[in-house]
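Working notes for the structure below.
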Amino acid sequence: MLFDIVIHNGTVITVNPDFDIIEAGVVAIEKGRIVLIQERKAGRPLPDAAETIDADGGIIMPGLVNTHTHVPMTLFRGLADDLPLGVWLNEHV
């Protein structure tokens with residue numbers, strides 16, 4: 001199979017239930033999704049890919065997405081700021 005991207009030569013930090021760490025890992029990506037994570041065995045060729053990225057001993061991990069935001073609190077700054085935090089957050093923001 002020809003993957004879109006194969007990333008190798010790095011430590012893979014997974015986000016599986018056990019948060020496994022693979023010291024010499026290979027990650028294959030197809031259509032924007034991680035489809036293969038495995039340990040790189042000596043003498044085993046890399047999977048075929050349109051693009052190969054050498055992580056150069058770095059960390060390979062999924063991107064982080066910050067869904068936590070303080071925009072509403074910034075917009076309402078000063079509104080009822082004389083109230084306790086819990087009341088302000090739960091009743092005014």
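One-based numbering along the sequence shown. In this text the structure is predicted, and so the values were computed from the model without any measurement.
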Show me the donor-acceptor pairs, under 3.5 Å and distance only, between side chains in residues 30-50 and residues at least two apart or in other chains.
from, atom 1, to, atom 2, distance (Å)
E30, OE1, D4, N, 3.2
R40, NE, R44, O, 3.2
R40, NH2, R44, O, 3.4

Let me check something: any side-chain donor-acceptor pairs from residues 8-16 under 3.5 Å, sequence neighbours excluded? List them with distances.
from, atom 1, to, atom 2, distance (Å)
N9, ND2, D54, OD1, 2.7
T11, OG1, E23, O, 3.4
T14, OG1, N16, OD1, 3.1
T14, OG1, D20, N, 2.9
T14, OG1, D20, O, 2.8
N16, OD1, D18, N, 3.1
N16, OD1, F19, N, 2.7
N16, OD1, D20, N, 3.1
N16, ND2, D20, OD2, 2.8

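A continuous path of Ile, Leu, Val, Met, Phe, Trp and Tyr side chains, each step under 4.5 Å between heavy atoms, connects V27 with I22, placing both in one hydrophobic cluster.
Rounded to the nearest 0.5 Å, atoms CG (L83) and CG (N90) are 11.5 Å apart.
Legend: residues meeting side-chain contact (heavy atoms from CB on, under 4.5 Å) with I5, ordered by chain and number and at least two apart, are I7, I29, E51, I53.
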